[in-house]
There are 2 protein chains.
Amino acid sequence: MARTGRRPAGSSSREAILSAARQALGRYGYDGTTVRGIAADAGVDPALVHHFFGTKQGLFVAAMDFPVDPSTVLPALLAPGVEGLGERLVRFFLSVWEAGDRSPFLALIRGAVSHEESAALLREFVTREVLGRVAAAVNESQPQLRATLVGSQLVGLAMARYVIKLEPLASADPETVVAAVAPTVQRYLAGSLA
Amino acid sequence: MARTGRRPAGSSSREAILSAARQALGRYGYDGTTVRGIAADAGVDPALVHHFFGTKQGLFVAAMDFPVDPSTVLPALLAPGVEGLGERLVRFFLSVWEAGDRSPFLALIRGAVSHEESAALLREFVTREVLGRVAAAVNESQPQLRATLVGSQLVGLAMARYVIKLEPLASADPETVVAAVAPTVQRYLAGSLA
DNA sequence: GTCTATACAACGATAGAC
DNA sequence: GTCTATCGTTGTATAGAC
């Protein structure tokens, strides 16, 4: 009996794992989700999960289908220190939205607004993979609150400029937007919140 | 011939008008939409539109199903002048989201993200009824850009706090949020954008 | 009998044709 | 510079609902 080795072609174990992961992560959160549980739901061996996605975090990133991988881009943005970080974050955020296909982001937002489970998944992902790293770079009090404030301005910028397309913000030069918004982000990161 | 007078029961002229208005406003914008055209689409007399909704703007507000009527709340917020306006706007915005049912707002956002026509309708409404009034109260250069920047921070606050529910922002005391965000809005209204 | 939905007609404003 | 078409809006009358 062929219990080990590769299955006949056409098995979609990878997609089954991703589907099970999305459901579990949205329902129980990152910590409440186990690789073994996902593997069981998908009807595969836990080792196969690691074969496809490397780590639990890698599976998380893949399940989100997030257009950029924060673990690869954020360190470079954070490395130079808090000074000028607001500007670097805004400029990078804009460059991601300006370049290429916006539909993955729109799908994320649409899901978050429509289903609480999708919102939970996005919340968990952003908190852990994005805001957690940003908060770790903050030297002031309440780093998590500061990071979420940064997030609020950035997601609002995306909504106003790319989704609702409010003019003249939607057509403004990227550098104009950076000049206007970066001080806000910088203040959230390192200024007074009073 | 009974051409005038009330129709037999069951006629839903009011809803027909609203439906035609949403379609026309989303497709052609406020100025490109005529009351007469809406009336024709709905198969009613133009005067009936005014009977139900008073003015074209009233019809616009009704078609949007916007949870608050900007023409009744904004003047009081804007009257005391630009000083402290950021704080008043943020506090009012929070009070509207905190109190009562959020589903009308969520429906607006969901529509805007899902259908371009809904986004156009929301854009037109917010620009004309909300940001237009705010911009008129601004004494600095680029009042429209400033108003849209205010809008970006407010819609981002709603997304982060009420939709994605990023912690600790989602659970923060309203006054903490006001203290953190109001200076941003105030700077967009009256500060330097450089 | 009163209230409300509905239609007709017309007014003042505005913008484009010629 | 008229003329005309169209717009938002209003006044008034009527027919059906309650």
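Quick note on labels: first sequence line is chain A, next is B, and so on, each numbered from 1. Bear in mind that the values here come from a model prediction, so they are computed numbers and not experimental data.
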Nearest-0.5 Å distance that lies between atom [atom1] in [X] and atom [atom2] in [Y]:
X	Y	atom1	atom2	value
A/Ser152	B/Gln153	OG	CD	4.0 Å
B/Phe53	B/Leu18	CZ	CG	4.0 Å
A/Ile109	B/Met159	CD1	CE	5.5 Å
A/Leu157	A/Leu169	CG	CG	6.0 Å
A/Glu175	A/Glu87	CD	CD	7.0 Å

* Which atom names give the shortest non-hydrogen contact between A/Val82 and A/Ala190, and what distance separates them? -> CG1-CB, 4.0 Å
Whole angstroms only, please: what is the [atom1]-[atom2] distance between [X] and [N]?
X	N	atom1	atom2	value
B/Phe53	D/dG8	CZ	P	15 Å
B/Ile38	D/dT6	CD1	C1'	15 Å
B/His50	C/dA7	NE2	C1'	15 Å

* Between residues 56-64 of chain B and DNA chain C, which residues have a heavy-atom gap below 4.0 Å? ->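 Here the set is empty: none.
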* Stretch residues 40-49 of chain B: residues that reach within less than 4.0 Å of DNA chain C through a heavy atom ->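 Under 4.0 Å from DNA chain C: B/Val44, B/Asp45, B/Ala47, B/Leu48.
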* To do: Evaluate the ring planes of B/Phe66 and B/Phe105, with Trp represented by its six-membered ring, and classify them as parallel (under 30°), tilted (30 to 60°) or perpendicular (over 60°).
  => perpendicular
* Asked: Has B/Ser13 got a side-chain N or O lying under 4.0 Å from the OP1 or OP2 atom of C/dT6?
  -> yes
* Under 4.0 Å: is that the gap between some side-chain N or O of B/His51 and OP1 or OP2 of C/dT6? -> no
* Is there side-chain contact between A/Lys165 and A/Ser171, with at least one heavy-atom pair below 4.5 Å? -> no
* Asked: Do the side chains of A/Tyr188 and A/Leu145 get nearer than 4.5 Å, heavy atoms only?
  ->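 No. Closest side-chain heavy atoms not under 4.5 Å.
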* Asked: Is it the case that B/Thr34 and B/Tyr28 place a side-chain donor and acceptor less than 3.5 Å from each other?
  ->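 No pair is found: no donor N or O on one side chain lies under 3.5 Å from an acceptor on the other.
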* Could you tell me whether B/Glu98 and B/Arg91 make a salt bridge, using a distance below 4.0 angstrom between a side-chain N and a carboxylate O? => no
* **Close approaches to DNA chain D from residues 17-34 of chain B, in residue order (heavy atom, under 4.0 Å)** =>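 Contacting residues: B/Thr33, B/Thr34.
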